[in-house]
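Remarks on the structure that follows.
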Protein chains: 4
Amino acid sequence: MSNKKKARNKEATIKKIYDVFFKLVLEEGFHKASTNKIAKEAKISIGTLYHHFPEGKKEIIRRYFENSVETSFDLEEFKKLNMSNISTVFRAFVSNILRNHKENKAYYIAFRSAILSDESLAQAHNERVVEISTGFVNELQETSEFFKSREKKRLIRSFIFIYNIINAIIYHHIVFMDLFQNDEDLVDYVSNLLGFTIKYLQKK
Amino acid sequence: MSNKKKARNKEATIKKIYDVFFKLVLEEGFHKASTNKIAKEAKISIGTLYHHFPEGKKEIIRRYFENSVETSFDLEEFKKLNMSNISTVFRAFVSNILRNHKENKAYYIAFRSAILSDESLAQAHNERVVEISTGFVNELQETSEFFKSREKKRLIRSFIFIYNIINAIIYHHIVFMDLFQNDEDLVDYVSNLLGFTIKYLQKK
Amino acid sequence: MSNKKKARNKEATIKKIYDVFFKLVLEEGFHKASTNKIAKEAKISIGTLYHHFPEGKKEIIRRYFENSVETSFDLEEFKKLNMSNISTVFRAFVSNILRNHKENKAYYIAFRSAILSDESLAQAHNERVVEISTGFVNELQETSEFFKSREKKRLIRSFIFIYNIINAIIYHHIVFMDLFQNDEDLVDYVSNLLGFTIKYLQKK
Amino acid sequence: MSNKKKARNKEATIKKIYDVFFKLVLEEGFHKASTNKIAKEAKISIGTLYHHFPEGKKEIIRRYFENSVETSFDLEEFKKLNMSNISTVFRAFVSNILRNHKENKAYYIAFRSAILSDESLAQAHNERVVEISTGFVNELQETSEFFKSREKKRLIRSFIFIYNIINAIIYHHIVFMDLFQNDEDLVDYVSNLLGFTIKYLQKK
DNA sequence: AATGAATGAGAATTCATTCAT
DNA sequence: TATGAATGAATTCTCATTCAT
């Protein structure tokens, strides 16, 4: 077998583990998604699972979190932001996060469960949010007139705040289903709230 | 067989179980707060725990929820609401909920964990929120000129929405600690958000 | 409360315990019919159950067995036995036992389960069968010409044997349902077998 | 963590589990033969037991039943059946079943106990009896003149019936010990009963 | 006599993890 | 690299039984 093929197999195995893990989280919750079950469902041996993830479950989440997902937004919309298209851009941004949450529902549930018994994960998460937000603001300032003139630190802090608020609401909506009747209502409310929050932060 | 004395105080035993359970939830999370640990810490036998809560942990939460806590607000502030004191009343309301969350942090963590593996609990929770909101609005309309003229159904729906949004944010703040630096900031933001949300709902 | 009334209540309580116990045995098997469940279903306290049956479950069966049921047949048919009505008498006898088994299915299941972990019960059962058979044969010999001339000891031994064979088959039929399509087939076969067995025993 | 050696012999482990389980059933009955005791006596960990038998005790019996035992008779005797050796053949057949019951007494006790709380096991058992009986009759008809001319379906039905009756009696004899003084008496009676039953079935 | 709170051993089962092959 | 047998602490829950009131 060539090295490439081996690598490809390795990737496939890891992907299978992620997939099965999140499927099990959705079906029966984070704590019942055991390593043994994952291995069985993924049709690999438990040894193989620990070979790829020596620390087991927490490592699955941590590495999935590291590679992924949570903090990757589409910048392009924001770069085009100006006075006239604020509403559209905000909606696109919120829709983006919402879509991400829906596609990764299991991940978010798992992550929030894991965080409760693994403080270092929360720590890592917070650092990650800062890091990504910084990069995000940097890039925005480089390319958009709209953001160039604003103070960077403040922009970053604002972005983190907004991002967390939106996440709090969207996560609640997805898991408890008691906030909005449908996604359009959510996007409408949250993007308005985004506007409100920006104004609120400016005043402070 | 044993020469342990048998304390025979039902209420005290149940209270001890609640106390120890929520203490353990705070210390190590819902899933690690096992029935055995609860019994051991509460210095009762595991049999006694199951004697009082035959369905174990989920029954502890469910019954605590049923008797309690979550949805009791101070009406008095609201009854005095008029055009000039909106801001103060909102702040008092939000402070109220925040205080409740802080005092019952373990309960909220436990409840959200339990809800993920017990749909009937979510259901019960939703029904409870509706019921309490209805009572709340009824009383407000009876005593306050401000609310008398508004449509009851709409008021209830709005109240539920606001209540859930506030909860989403406060819970996130309490558990993940990544939103506000201190409680005053939270109260300020959330009570402003409350005003924004009410206006938003009126427009719709 | 008069003594009579107390006594009547006591009887009623004991009857309730028997009834609930055998109901539970039928529903979930002997080993899952616990004393606590019996008390709860019978709406008495567990203390009361142990007050009436200090040794718990095994005493319930033992005393039910002692008072009852298993070894009470209708003699009248047998007393009329002669050459011409053998078949009818046998059928009546077998029907009798079958009816008893159906009415006391739970008792038989419980008894067979209990016997496996309580040898003294098996012993008591065997002694009881001998005792009852002896009484039965005595009475038959006193009143029926047909039996008067036969040797008592042999009659008793034969009766015990026949009784046990019939029980083995009927119990199997009732619990495993793989022998006969209906009760008539069983009664027909078993009463023929009874004839066969008597002839077999005479030859020996 | 532990420095125990890990013997890695699946077949041997499973055999040990079977052996210890049936030994315990004989010693203290099906319900007292707990999975923990089995593991302890077999000197394996409880985890190992559940690794091989994820459904615990009921799976031990079910799989033992599936691989085994109960319905394997010696055909050779039957193939030589003719008018003159009926009695000998029947005796051999009954002896065969008796020997099987004695060698597998624990299995039969366990099986009958398990059947009371696991209907699917009874179902499987019945199907198994039909299947084996069919194979048995097929083979007999191929090789023996005596059986060739008889209607297959009827032969099968008769065989099943006889097999069940014999089992009911032998099981009773083995467990309750109140039928026959010794095995010869049992074989004599049951093989005679077999002849009686065949005649009985022919008349019907 | 009746109640039911309390007991704790022990049963079934799960789980993360190790390690010989 | 991969396998899966093995581990045993930990978890949930049941049960027969005791005893203070």
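Just so you know, these numbers come straight off a predicted model, no measurement behind them. Numbers restart at 1 for each chain; the letters A, B, ... are given by sequence-line order, proteins then strands.
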Checklist entry - Which pairs with one or both residues in residues 35-47 of chain C pass salt bridge (Lys or Arg N to Asp or Glu O under 4.0 Å), sequence neighbours excluded? => result K23(C)-E41(C), E28(C)-K37(C)
Checklist entry - Within this structure, what is the CD1-to-C1' distance between I46(A) and dA16(E), rounded to whole angstrom? => result 8 Å
Checklist entry - Rounded to whole angstrom units, what separation is found between the CG atom of L24(B) and the P atom of dT11(F)? => result 11 Å
Next on the checklist: It should be established whether S45(B) places a side-chain nitrogen or oxygen under 4.0 Å from OP1 or OP2 of nucleotide dG8(E).
Outcome noted: no
Checklist entry - Of all of residues 50-61 of chain B, which get a heavy atom below 4.0 angstrom from DNA chain E, listed by number? => result H51(B), H52(B)
Checklist entry - Between N9(B) (CG) and dT7(E) (P), how many Å, whole number? => result 12 Å
Item to check | Atom pair distance, as rounded to whole Å: NZ in K32(A) and P in dA16(E) | outcome: 13 Å
Checklist entry - In Å, rounded to the nearest 0.5 Å, how long is the span from CD1 of I44(A) to NZ of K16(A)? => result 8.0 Å
Item to check | Heavy-atom pair of closest approach, residues K57(C) and T35(C) | outcome: N-CG2, 4.1 Å
Next on the checklist: With heavy-atom distances below 4.5 Å as the criterion, would you say the side chains of R62(D) and L121(D) are in contact?
Outcome noted: yes
Checklist entry - Does OP1 or OP2 of dT3(F) have a side-chain N or O of T48(A) closer than 4.0 Å? => result yes
Checklist entry - Separation of I14(D) atom CD1 from dG4(F) atom P, in whole Å? => result 14 Å
Checklist outcome for this item: Heavy-atom nearest pair, L49(D) first then A39(D), reads CD1-N, 4.1 Å
Checklist entry - With a non-hydrogen cut-off below 4.0 angstrom, is S34(D) in contact with a base, only sugar-phosphate, or nothing? => result sugar-phosphate
Checklist entry - When the distance from CD1 of I17(B) to P of dA5(E) is rounded to whole Å, what number comes out? => result 12 Å
Checklist entry - Would you say the side-chain atoms of R128(B) pair up with the backbone N or O of F65(B), donor to acceptor, closer than 3.5 Å? => result yes
Next on the checklist: Which heavy atom of V25(B) sits nearest to which heavy atom of A106(B), and what is that distance?
Outcome noted: CG1-O, 3.6 Å
Checklist entry - Would a line drawn from the ring center of F111(A) to the ring center of H125(A) be shorter than 6.0 Å? => result yes
Checklist entry - Once you round it to whole Å, what is the distance between P of dA12(E) and CZ of F21(D)? => result 10 Å
Checklist entry - Near DNA chain F, under 4.0 Å by heavy atom, which residues of residues 35-44 of chain C? => result T35(C), N36(C), K37(C)
Checklist entry - Residues two or more places apart in sequence or in another chain: which of them pass ring pair (Phe, Tyr, Trp, His ring centres under 6.0 Å) with Y171(C)? => result none
Next on the checklist: Show me the pairs that pass ring-ring contact (aromatic ring centres under 6.0 Å, His included) and involve residues 10-45 of chain B, at least two apart or across chains.
Outcome noted: H31(A)-H31(B), Y18(B)-F53(B), Y18(B)-Y64(B), F22(B)-Y64(B)
Checklist entry - If you pin F30(C) and H31(B) to their nearest nucleotides in DNA chain F, which one's is more 5'? => result H31(B)
Checklist outcome for this item: Intra- and inter-strand pairing of DNA chain F, written as dot-bracket with Watson-Crick and G-U pairs under 3.5 Å and | for the latter, reads .||||||||||||||||||||
Next on the checklist: Looking at E119(B), I'd like to know if its CD atom is crowded, meaning that more than 12 non-hydrogen atoms belonging to other residues, nucleotides or ligands lie closer than 6.0 Å.
Outcome noted: no
